[in-house]
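Atoms within each ligand, like the ligands themselves, are counted from 1 in listed order. All values derive from a computational prediction rather than experimental measurement.
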Amino acid sequence: MKAAGTKLRTLTTLFCVLTILVGGAVLTWFQVLAEELEQTSAVAQKTIQKIDTLLDSSRQVANNAHLLLSQPCTAQTRTELERLVVSVPHIRMINLYKNNVLFCSSFDDTSAINRNYAAHTKQELTLIEDKNISPGDTVIVLQTAFPEGMITASFSSQWLIEVLELLSDQRPLTLHIGDKLIQQKAKSTAQDKARHIVEPSQKYPYSVDYPESKAVPLSRYLQQGWLSLLLTLCLALMVGVVLWRHIFHRPSLYENLERAINEGEIVPWYQPVIRSDTGKFYGVEVLARWITPSGEIISPDSFIPLAEESGLIVPLTRKLMALAGDELPALFTTRPQPFHVSFNFTASHIQTPNFIEECRAFLKRFPENSIRLTAEITEREPFEKVNELKETLIFLECHGVTLALDDFGTGYSNLNLLTGLPVGLIKIDKLFVNGISSVKESTKLIDCVIDMAKSLGMKIIVEGVETEYQVAYLTHKQVDYFQGYYFSKPLPVSELAAMVKYTYRIPQLEEISHA
Ligand code: C2E
Ligand code: CA
Ligand code: CA
C-alpha cells in the first residue's frame, strides 16, 4: 500500500514537473521565434531603406545626365558620362537611349551593351547577367525615362548582397527584382518553404522576403531563451518540492505521532488506584491519550506500539511527565501519606543517562514527600542487558523511585531478575481478573498468581477490576490495591479532583455470598 502510494506520488510529481518544463520550453520557443521574426522584419525594413538610398543615388546620376540626352554622342559626352560614373562609388555604367536604341554609353564597347541591355528596356529595374562587361557578376539596371529618351544607370548586385549581409544576421533575406532574385550566399535556404513578404518599397519595383518557417536554431534558442529556461527550471523544481513534500505527501503515522508529541496533542489521563483496606484514593497511573485538534480521543493501543518501536516513546513519556508535573501538584496537597504516581516506562528509557534527572525534575514539582514516583516496567517484553538494568533499577530505588512490574504473569515472568531487584509492586493484569466469578475453579489461575507475588514479598495492585464480586474476592485474597472500571476509568485532570478525597465502600465476599 505504502509502496503504491509512493509510486503514485512520484509519478504525479514527475508529471507536474515535466508538464511545467515542457510548457516553459514551448513558451520560450514561441518567445524566441516571435523576437526573431520581429527583428527580421525590422532588419528587412532597414534593408529596403538602404536599397532605396542606393537606387536614389543611381536615379540622381540619371537626372544629372539628363541634358546629355539631347546632345550627340561625342567624345566629350562620353567623358561627361564617365565623370558621372566615377562621381558615385557604386555606379558602374551609364547608357543613353533614344527611341529604345542605345546611342551613347560611359562604356567603350557599345556593341556588347546593345546585345544585352536592349531586351530589358521596358522594365524600370532589372537584374541581368552580363558576361561581357562583368563576367560572373549580376548587374542591377535602373531606367529613368525622360521625354527625350531614357537613361540607364547600372551597378553590381554585389552592392545589394552586401546590404543584405550587413544587416541581416538571423533569417536570410531575399531580394526579388522581376522574376529574378538575390540572396545572401551563406544563408540561402530552400525556396519552396513559406516566406514572409515585407511591405515593398514605395519607390522602386522590387520586394524583400524571408523564410516564415517556425524553426529556430538550437544555438539561438539557448542563447536568447536561457533566462526563461532557467526560470522554468527553477519553477519546476520549486513546484516539484512543494508537491512532493507538502501536497502529495500524506504524513506517516510516525510523522503524525512525532508532530502530535511536539504540539502537545499527547496528554496524560489518570486512572485512580484504590486501597483495598480503606477504599480510599491511593494514587494514579498516568496513561497517555492522543487528543486530536478535532477532539477525537485516540487510545494508546493504536500509537504506543509504534512509539515503542521507533523510540518516540522517550520524548512522549517526557512530555507526559512535564504535563503531569503541571497538572497534579495542585490536587495532591493535603495528605498524611504520599500519593502514588506511576508512569509506564520502557526499559530502554530507564537506561538513558538522563533518566534519573528527569525523575528528579518531576519530583521537584511537588512538595517534598507528597508523592511516591513509581516506574512501571512491563514484562511483556524480555529484559535485555539484565545486569545493567539491575544496576540502574537499584540506583533508581536509591533515588526514591519505586519499581512496579506491570502485566505480571502475562509475559516472560523474569522471575530470576525479580529476586535480585528492588521491585516494590506487582501489577496483576486484567487477563487474570476476567476469569474471576462465583463459579468454583474460576479463581484457580489468579490464586496462583497472587500466591506467587506474595511469595516474593511484594505489594499487589490488581488491574481491570470491573465487578463487585471481583473486588470482594480479591479483597478476601488480601491484595493491596485496585485499579479498574469498578472504581473509575482513566480521567482527565479536571475530573480527577473529585476522586482524590472520595472513599469507596469495599464489598466483602461474605455479604455477596449471603445475598
Ligand atoms: P496498562 O499499563 O496495562 O494499562 C492499563 C490499561 O487497562 C489501560 O488501558 C486502562 O484504561 C485499562 N483498564 C484499567 N481498568 C480497566 C477495566 O476495568 N476494564 C478494562 N476493559 N480496561 C481497564 P489504556 O489506557 O488503553 O492503555 C493501554 C496500554 O497502553 C497500557 O496498558 C500500557 O501498556 C500502554 N500505555 C498507555 N499509556 C502509556 C504510556 O504513557 N507509556 C507507555 N510505555 N505505555 C502506555
Ligand atoms: Ca501500566
Ligand atoms: Ca496491564
Side-chain angles (χ1 to χ4, degrees), residues 257 260-261 264-274 282-291 297-325 327-328 340-352 355 358-359 362 373-381 402-413 423 425-436 446 449 453 460-471 473-474 479 481-492 495-496 499 504:
L257 182 58
I261 295 168
E265 287 178 20
I266 311 286
V267 296
W269 279 26
Y270 308 95
Q271 189 171 29
V273 177
I274 307 297
Y282 177 65
V284 289
E285 176 181 4
V286 181
L287 293 159
R289 292 291 180 274
W290 182 347
I291 303 189
I297 300 168
I298 303 176
S299 144
D301 288 331
S302 19
F303 61 89
I304 289 292
L306 172 71
E308 286 181 347
E309 246 170 58
S310 64
L312 280 177
I313 193 67
V314 176
L316 183 151
T317 312
R318 284 184 186 144
K319 193 84 179 191
L320 286 185
M321 288 174 89
L323 291 170
E327 294 176 342
L328 292 180
H340 157 97
V341 177
S342 70
F343 286 90
N344 295 282
F345 290 113
T346 57
S348 60
H349 187 181
I350 286 178
Q351 282 166 295
T352 56
F355 185 68
E358 288 164 21
C359 293
F362 179 75
L373 177 59
T374 300
E376 295 190 12
I377 49 170
T378 180
E379 66 156 25
R380 269 171 301 160
E381 309 289 331
T402 307
L403 288 170
L405 194 64
D406 206 356
D407 303 321
F408 181 68
T410 61
Y412 288 79
S413 295
V423 174
L425 262 174
I426 269 182
K427 296 191 78 172
I428 295 179
D429 195 68
K430 183 179 184 311
L431 190 77
F432 301 103
V433 181
N434 285 343
I436 302 174
I446 185 123
V449 176
I460 299 170
I461 297 182
V462 184
E463 277 186 329
V465 285
E466 289 182 347
T467 66
E468 191 182 37
Y469 186 84
Q470 288 168 352
V471 176
Y473 182 78
L474 292 165
V479 303
Y481 311 104
F482 292 120
Q483 183 183 338
Y485 290 1
Y486 180 78
F487 299 97
S488 170
K489 287 188 171 185
L491 304 166
E495 292 174 39
L496 184 67
M499 307 290 306
Y504 288 91

What do you reckon, are the aromatic ring centroids of F345 and F355 less than 6.0 Å apart? yes
Could you walk me through whether L257 and I266 pass the side chain to side chain contact (heavy atoms under 4.5 Å, CB included) check? CA-CA 9 Å; L257 182 58; I266 311 286; 3.9 Å; yes
Please state which part of E463 comes within less than 4.0 Å of ligand 1, counting heavy atoms only: side chain, backbone, both or neither. side chain
What I want to check is whether the side chains of N434 and E466 have a donor and an acceptor closer together than 3.5 Å. no
Does I304 approach ligand 1 within less than 4.0 angstrom via side chain, backbone, both or neither, non-hydrogen atoms only? side chain
Proximity of P300 to ligand 1 by residue part, where a heavy atom lies under 4.0 Å: side chain
Taken by chain and residue number, the protein N/O/S atoms under 3.0 Å from the Ca ion (ligand 2) read E285 OE2, N344 OD1, E376 OE1, D406 OD2
Is it the case that the ring center of Y486 lies less than 6.0 angstrom away from the ring center of Y504? no
What distance do W269 atom CH2 and I291 atom CD1 have between them, rounded to the nearest 0.5 Å? 5.0 Å
Looking only at distances, can you tell me whether any N or O atom of S299, backbone or side chain, sits closer than 3.5 Å to an N or O atom of ligand 1? no
Nearest-0.5 Å distance, CG of residue L373 to CZ of residue F343: 6.5 Å
Of the options Q271, H340, Q483, which is the one that meets E285 in a side-chain hydrogen bond (donor to acceptor under 3.5 Å, both in side chains)? Q483
What part of E308 sits under 4.0 Å from ligand 1 if we count only heavy atoms: the side chain, the backbone, both or neither? side chain
Got an N/O contact under 3.5 Å between Q271 and ligand 1? yes
Set out, in order, the CA-CA distance, both residues' side-chain angles and the distance that settles side chain to side chain contact (heavy atoms under 4.5 Å, CB included) for L306 and L312, then state yes or no. CA-CA 8 Å; L306 172 71; L312 280 177; 5.7 Å; no
Considering both backbone and side-chain atoms of Y486, is one of its nitrogen or oxygen atoms within less than 3.5 Å of a nitrogen or oxygen in ligand 1? no
Does ligand 1 have a heavy atom under 4.0 Å from the side chain of R289, from its backbone, from both, or from neither? side chain
Contacting atoms of ligand 1, where contact means under 4.0 angstrom from a heavy atom of L320: 41 (O)
Backbone or side chain, does any N or O of G484 fall under 3.5 Å from an N or O of ligand 1? no
Is there a nitrogen or oxygen of E285 sitting under 3.5 Å from a nitrogen or oxygen of ligand 1? yes
Hey, what do you get for CD (E309) to OG1 (T346), rounding to the nearest 0.5 Å? 12.5 Å
Provide the atom name of the closest N, O or S atom of D429 relative to the Ca ion (ligand 3). OD1
Side chain, backbone, both or neither: which part of V465 has a heavy atom under 4.0 Å from ligand 1? backbone
Would you say E466 has any N or O atom under 3.5 Å from an N or O of ligand 1, going by distance alone? yes
Side chain, backbone, both or neither: which part of T378 comes within less than 4.0 Å of ligand 1 when only heavy atoms are counted? neither
If we only consider heavy atoms of I313, is any one of them less than 4.0 Å away from an atom in ligand 1? yes
Pull out every atom of ligand 1 sitting under 4.0 Å from any heavy atom of G464, numbered as shown with elements. 15 (N), 16 (C), 17 (C), 18 (O)
Looking only at distances, can you tell me whether any N or O atom of T317, backbone or side chain, sits closer than 3.5 Å to an N or O atom of ligand 1? no
Please determine whether any non-hydrogen atom of K427 lies less than 4.0 Å from an atom of ligand 1. no
Closest heavy-atom approach to atom 21 (N) of ligand 1 among Q470, K430, M321, H349 is made by K430
